[in-house]
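Take a look at the structure set out below.
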Amino acid sequence: MTESKLDLLQGTLDLMVLQTLSVMGSLHGYGIARRIEQTSDDSVLLNQGTIYASLVRLQHRGWIAAAWGVSDNNRKAKFYSITRAGKKQLAKDAMYWQRLSEMMGRMLNMEAGE
């Protein structure tokens, strides 16, 4: 049986973007998308529209900032970085998803008679 691509739950892409920027530093949209795909072992594939919508949403909330720069292939690109407010939100969201993941792990490992 081959594994299919994962459908992301609401809010998870924004968390992935914040985590990527927190770890990797300033990146352009294409770089963020590729890093998420690599980290997920290609279980998550992102198109330009999907990553762009997340970046606009995060920038609007003040969780990331953007500045124009030059990419590795010498093209003009918008680079994104996480803000102080974004780091606070990342910590809050990461804690929530960790708790949710642990609870789901317990539920999925439940045996009869428990």
Side-chain angles (χ1 to χ4, degrees):
M1 179 174 118
T2 62
E3 291 187 34
S4 61
K5 302 300 176 213
L6 296 174
D7 289 328
L8 297 181
L9 296 174
Q10 185 174 352
T12 55
L13 178 56
D14 290 355
L15 178 59
M16 289 180 203
V17 170
L18 290 174
Q19 177 65 14
T20 300
L21 292 174
S22 178
V23 171
M24 302 294 296
S26 181
L27 289 171
H28 51 74
Y30 180 81
I32 295 167
R34 296 299 75 82
R35 185 64 184 150
I36 290 170
E37 290 173 355
Q38 289 171 349
T39 304
S40 74
D41 290 329
D42 292 328
S43 293
V44 175
L45 297 179
L46 301 170
N47 63 45
Q48 277 186 314
T50 303
I51 194 70
Y52 178 74
S54 175
L55 293 169
V56 168
R57 187 170 47 251
L58 292 169
Q59 193 173 6
H60 179 73
R61 292 176 179 160
W63 296 344
I64 64 172
W68 287 101
V70 179
S71 68
D72 290 340
N73 59 1
N74 214 24
R75 289 188 154 160
K76 187 177 176 184
K78 195 179 276 191
F79 285 78
Y80 299 90
S81 57
I82 191 167
T83 63
R84 184 173 294 154
K87 289 179 183 179
K88 283 184 177 181
Q89 188 63 39
L90 173 59
K92 179 181 170 186
D93 288 349
M95 188 180 304
Y96 169 81
W97 282 101
Q98 188 64 42
R99 287 178 47 220
L100 181 62
S101 174
E102 289 169 2
M103 181 274 303
M104 287 302 298
R106 288 191 303 272
M107 293 301 299
L108 295 172
N109 288 317
M110 179 176 46
E111 295 187 21
E114 287 188 39

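Along the sequence shown, residues carry numbers from 1. These numbers come from the heavy atoms of this one structure, side chains and all, not from hydrogens, waters or symmetry mates.
Cluster partners of Y30, using a side-chain heavy-atom cutoff of under 4.5 Å among ILVMFWY residues and allowing indirect links: none.
M95 and L90 are assigned to two separate hydrophobic clusters, defined by single-linkage of ILVMFWY side chains at heavy-atom distances under 4.5 Å. One hydrophobic cluster holds both Y96 and L15 under the rule that ILVMFWY side chains link at heavy-atom gaps under 4.5 Å.
Between E102 and R99 there is no salt bridge, since none of the side-chain N atoms of the basic residue sits less than 4.0 Å from a carboxylate O of the acidic one.
Remark: side-chain polar atoms of S101 are not paired, donor with acceptor, to backbone N or O of W97 under 3.5 angstrom.
Other residues, nucleotides and ligands contribute only 12 or fewer heavy atoms inside 6.0 Å of the CG atom of D72. Sparse packing is recorded around CD of Q48, with 12 or fewer heavy atoms of other residues, nucleotides or ligands lying under 6.0 Å away.
Looking at heavy atoms from C-beta onward, W63 lies out of side-chain contact with V17 at the 4.5 angstrom threshold. Contact of the L13 side chain with the L46 side chain is registered, since non-hydrogen atoms from C-beta on lie closer than 4.5 Å.
F79 approaches G69 most closely through the heavy-atom pair CE1-C, 3.7 Å. Minimum interatomic distance between Y80 and Q59 (heavy atoms only, all atoms of both residues): CE2-OE1, 4.0 Å. Residue N47 comes nearest to T50 through the heavy atom pair OD1-N, 2.7 Å, listed as atom of the first residue, atom of the second, then distance.
For the side chain to side chain contact (heavy atoms under 4.5 Å, CB included) with M16, the lone residue among L21, I36, I51 that qualifies is I36.
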Derivation of the side chain to side chain contact (heavy atoms under 4.5 Å, CB included) call for Q89 and K92: CA-CA 5 Å; Q89 188 63 39; K92 179 181 170 186; 4.1 Å; yes
